[in-house]
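Structure first, commentary second.
Basis for what follows: all heavy atoms, side chains included, without hydrogens, waters or symmetry-related copies. Chain A is the first sequence line, chain B the second, and so forth, proteins listed ahead of strands; every chain is numbered from 1.
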Protein chains: 2
Amino acid sequence: MTLNPPESEMNVSLMLFYSLNKTLRTIQKSLETAIRSYGLNATEFSVVRLLYSMGNQPIQKIGDKISIASSSTTYVIDKLEKKVLLERIPCPNDRRIVWASLTPKGRQLMDAIFPNYTAAVHKVLDGLNFDEKKEFITTLKKLDRYAENFK
Amino acid sequence: MTLNPPESEMNVSLMLFYSLNKTLRTIQKSLETAIRSYGLNATEFSVVRLLYSMGNQPIQKIGDKISIASSSTTYVIDKLEKKVLLERIPCPNDRRIVWASLTPKGRQLMDAIFPNYTAAVHKVLDGLNFDEKKEFITTLKKLDRYAENFK
DNA sequence: ATCGATTATCTCGAATTCGTACTAATTTTA
DNA sequence: TAAAATTAGTACGAATTCGAGATAATCGAT
């Protein structure tokens with residue numbers, strides 16, 4: 001990178017970061033009502049959604065993927081287990097590991113709500129057309145891949 | 001929008017939303033250490049940063065801009081007031097309103113840390129060049145403007 | 001001018017999230 | 001192969017965030 005970037009380049013970076021925050025919050029807010037109507041909060045939904053599309057996961061992986069602390073993961077999983085949407089399954093090979101697995105009830109719930117959720121996401125993102133979205137994703141991934149170097 | 005978007009278009013929307021979440025979290029995480037080193041958490045920093053760049057703000061506006069509930073705003077402002085980084089100033093024209101204003105100490109802190117913060121943001125976003133950033137911001141704003149319709 | 005709606009802020013209790021520390025299991029290393 | 005380091009998950013208390021409701025002030029329509 002430039003050793004002493006001009007003021008305006010710095011400002012564009014600040015603005016990008018600000019816009020990224022702002023846009024995501026707007027989108028999240030617009031989806032919140034739908035998610036709440038499923039009887040879940042955003043974190044619970046992201047866990048169930050992860051298991052639904054990726055299959056059973058070790059608890060640790062779940063926290064990594066949705067970026068919450070391990071103690072928070074325990075808390076969410078406890079709640080979902082109480083709602084009988086998922087269950088803990090000890091891993092026989094490695095007894096440190098516990099898998100989270102959707103119950104039939106959890107899978108049925110997702111079968112019922114996922115199309116609605118998908119449609120809601122699609123609807124709120126309709127400010128971009130198909131090609132714009134694909135290009136936007138490419139740029140996001142480029143940003144993410146680079147930023148991963150500074151974890 | 002298309003009445004019955006093909007599966008792949010739905011999936012691209014889901015992926016966009018996922019990537020947006022993921023990328024922002026990566027960036028936020030990489031900036032967290034810097035912000036903590038200033039003695040502030042992310043929310044406190046965003047309040048102080050807002051006042052620093054936009055000048056005094058009614059407390060209500062602060063909550064709006066950084067997207068937190070009004071009760072959370074009261075809490076953060078309390079903490080910053082205890083740290084003597086800002087002060088509450090009752091508005092004489094409208095006695096419902098209370099302004100938040102940086103103290104000299106708050107301004108001095110920002111004078112000291114803002115260049116460092118800006119450089120950190122710029123550094124982590126260096127995966128895109130100047131022009132790519134500007135185009136990316138344009139797209140973000142387009143998305144945001146559209147999504148605002150579904151609040 | 002007054003009553004009802006709206007606005008700005010705060011209080012309070014509950015829900016969520018985190019950080020730290022701990023246990024148990026596994027892997028690494030010397 | 002035994003000790004040390006790492007990994008997975010949980011417990012627990014503290015910090016943060018929220019939602020609902022209260023209070024006070026202002027605005028708007030009559």
*For D:dA15, take OP1 and OP2 only and decide whether either is under 4.0 Å from a side-chain N or O of B:N41.*
no
*Examine distances only and state if a side-chain atom of A:T26 and a backbone atom of B:D144 form a donor-acceptor pair shorter than 3.5 Å.*
no
*Out of C:dA25, D:dA25, D:dA20, which has the shortest distance to the side chain of B:R96?*
D:dA25
_Nearest whole Å is fine: how far is D:dT26 P from B:N93 CG?_
10 Å
*Roughly how many Å is it from NZ in B:K65 to P in C:dA8, rounded to a whole number?*
13 Å
*Derivation and outcome, ring-ring contact (aromatic ring centres under 6.0 Å, His included), residues A:Y38 and A:Y117*: CA-CA 10 Å; A:Y38 311 145; A:Y117 169 76; 7.0 Å; no
*Give the nucleotide from the list C:dA25, D:dA25, D:dG9 with an atom nearest to the side chain of A:T74.*
D:dG9
_Could you check whether any side-chain N or O of A:E44 sits under 3.5 Å from a backbone N or O of A:V76, counting only pairs where one atom can act as donor and the other as acceptor?_
no
*By nearest nucleotide on DNA chain C, pick out whichever of B:E32 and B:D94 is the more 5' one.*
B:D94
_If I take atom CD1 in residue A:I77 and atom P in nucleotide C:dT16, what distance separates them, rounded to the nearest angstrom?_
14 Å
*asked:* Nearest to the side chain of B:Q60, heavy atoms from C-beta on, is which of C:dC18, D:dC18, C:dA8?
replied: C:dA8
*Roughly, in whole Å, what's the span from CG in A:D78 to P in C:dT16?*
12 Å
*Please report, rounded to the nearest Å, how far the P atom of C:dT9 is from the CD1 atom of B:I62.*
8 Å
_Heavy atoms only, 4.0 Å cut-off, all strands: where does B:D64 land among base, sugar-phosphate and nothing?_
nothing
*Do B:S70 and C:dC10 have a side chain to base donor-acceptor pair shorter than 3.5 Å?*
yes
*Residue pair B:M110 / B:F45, side-chain heavy-atom distance below 4.5 Å*: yes
*asked:* Please determine whether a side-chain nitrogen or oxygen atom of B:K79 lies at a distance below 4.0 Å from atom OP1 or OP2 of D:dA15.
replied: no
*Starting at atom CD1 of B:I66, determine the distance to atom P of D:dT16, rounded to an integer number of angstrom.*
13 Å
*Is any side-chain nitrogen or oxygen of B:Y75 closer than 4.0 Å to OP1 or OP2 of D:dT17?*
no
*Within less than 4.0 Å of OP1 or OP2 of D:dT17, is there a side-chain N or O belonging to B:T43?*
yes
_Under 4.0 Å from OP1 or OP2 of C:dC10: is there any side-chain N or O of B:R88 that close?_
yes
*Would you say a side-chain N or O of A:K61 is under 4.0 Å from OP1 or OP2 of D:dA8?*
no
*Between A:W99 (CH2) and D:dT7 (C1'), how many Å, whole number?*
15 Å
*Would a 4.5 Å heavy-atom cut-off, applied to side chains only, mark A:F150 and B:I27 as touching?*
no
*Does a side-chain N or O from B:S72 land closer than 4.0 Å to OP1 or OP2 of D:dC18, or not?*
yes
*Among D:dT26, D:dA8, D:dG19, which is the nearest nucleotide to the side chain of B:S71?*
D:dG19
*asked:* A side-chain contact here means heavy atoms from C-beta on lying under 4.5 Å apart; do B:E135 and B:L128 qualify?
replied: no
*What integer distance in Å separates A:E44:CD from C:dT17:C1'?*
13 Å
